[in-house]
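Counting begins at 1 with the first residue of the sequence. Keep in mind the model is a prediction, meaning the values are calculated, not measured. Values below: every heavy atom of this structure, side chains too, minus hydrogens, waters and symmetry copies.
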Amino acid sequence: IPFDGQQLTDVLHRSGINMRYLGYVAERLVVKKEKHLVDLEELIKENEAKAEKKREEEKEKEKEEKEATNSEDKKEDKEEAEEEEVPTKATYQLTLANYSTLHRIIIQEMISRSVKHILRNLTKSLPSYLISTAIAHFHNCLFGGAINPTPKVDFIDEIYKNFCSKSDLESFTKLTHDDVIKLVSKEVFSRFRYKLSSNWINTIQLPQLFREIAFKYGIQWKSQNYP
C-alpha cells in the first residue's frame with residue numbers, strides 16, 4: 001500500500017496507468033471494498049455455523065464419554081482441550097484497512113493535484129509580492145473552516161493595491177471556506193471525473209494534505225503566525 005501521493009504516483013506509472021484515471025481507480029476500490037464486506041459477512045456466518053456444529057458434536061461426544069466412564073482424568077483433559085479450541089470469528093480487518101487507506105490516499109492525491117491547478121489560476125495574473133498573500137489566504141479558507149469560515153484579507157498595503165486590478169484582488173480576497181470547498185470539488189470532477197462527498201474535508205488527514213499541496217505547488221512554509 002502506498003504511504004503518500006508520490007509513492008502512489010510511482011506505483012501507477014510503473015503499471016502504465018496515467019494519473020487522470022485516479023477517479024476510476026477510486027470508484028473501483030469502493031466496489032471492491034463493498035464486495036469484500038459482503039464476502040466477509042458470508043464468511044463470518046459460515047464460520048459461526050461450523051463452530052456451532054462443532055460445539056454440538058463435542059457436546060454429544062462428551063455426553064457419550066460421560067456415560068462410558070467417570071474418570072476425573074479424562075474430564076480434566078477434555079476441559080483443557082475445549083479451552084484451546086474456542087472458535088473465533090474471521091474478521092480480516094487488515095484487508096479492510098488496506099482498502100480504506102488506499103482509497104483515502106487516492107482522494108488526497110486528486111485533491112492536492114486539483115488545488116495545484118486552482119492556485120496556478122489564482123496567482124497567474126497577480127504580481128509576485130501578492131502571491132504569498134493569496135496562497136496563505138487560500139490555505140486559511142481550506143483548512144481553517146472550523147475556526148473561521150469567512151477569513152478576511154486585511155493585510156495588503158494600500159500602495160500595493162494600486163499596481164493590481166480590482167478583479168485580480170477579488171479573485172482571492174473574496175474567497176470563503178465554502179467557496180474553496182466548491183472550487184476543489186469542481187476541479188476534481190473536471191479533471192478526474194470523480195464526485196467528492198459534501199463533507200470530504202472532514203474525511204481526510206489535513207496535515208498530510210497540507211504537505212502534498214506544498215510539495216506539488218512548490219511552497220516552502222516558514223514557521224510563523226500567518227494572517
Answer whether the closest heavy-atom distance between the side chains of [X] and [Y] falls below 4.5 Å.
X      : Y      : value
Lys32  : Leu102 : no
His13  : Met19  : yes
Leu130 : Leu169 : yes
Ile201 : Leu142 : yes
Ser112 : Leu209 : yes
Lys116 : Glu212 : no
Leu126 : Leu122 : no
Lys182 : Lys186 : no

Legend entry - Atom pair CG (Leu22) and CE (Met110), whose distance is rounded to the nearest 0.5 Å: 6.0 Å
Inset, instruction - To the nearest 0.5 angstrom, please state how far the CD atom of Glu109 sits from the CD1 atom of Ile105. - result: 9.5 Å
Inset, instruction - Before accepting this row, confirm whether a basic side-chain N of the pair Asp39/Lys35 lies closer than 4.0 Å to the acidic partner's carboxylate O. - result: yes
Looking at [Y], is its backbone amide N or carbonyl O close enough to the side chain of [X] to form a donor-acceptor pair, meaning the two atoms are under 3.5 Å apart?
X      : Y      : answer
His137 : Phe172 : yes
Gln108 : Gln205 : yes
Thr123 : Leu119 : yes

Mind listing the closest non-hydrogen atom pair of [X] and [Y] along with its distance?
X      : Y      : value
Ser100 : Lys33  : OG-NZ, 3.0 Å
Gln208 : Asp4   : NE2-CA, 3.9 Å
Ser114 : Val184 : CB-O, 4.4 Å

Inset, instruction - Please determine which of Glu57, Glu56, Lys50 meets the side chain to side chain contact (heavy atoms under 4.5 Å, CB included) test together with Lys53. - result: Glu57
Inset, instruction - Check side-chain contact (heavy atoms from CB on, under 4.5 Å) between Ile17 and all other residues, then give those that pass, not counting sequence neighbours. - result: Leu12, Ser15, Tyr21
Inset, instruction - For residues 181-208, pull every pair meeting ring-ring contact (aromatic ring centres under 6.0 Å, His included), keeping only residues two or more places apart or in separate chains. - result: none
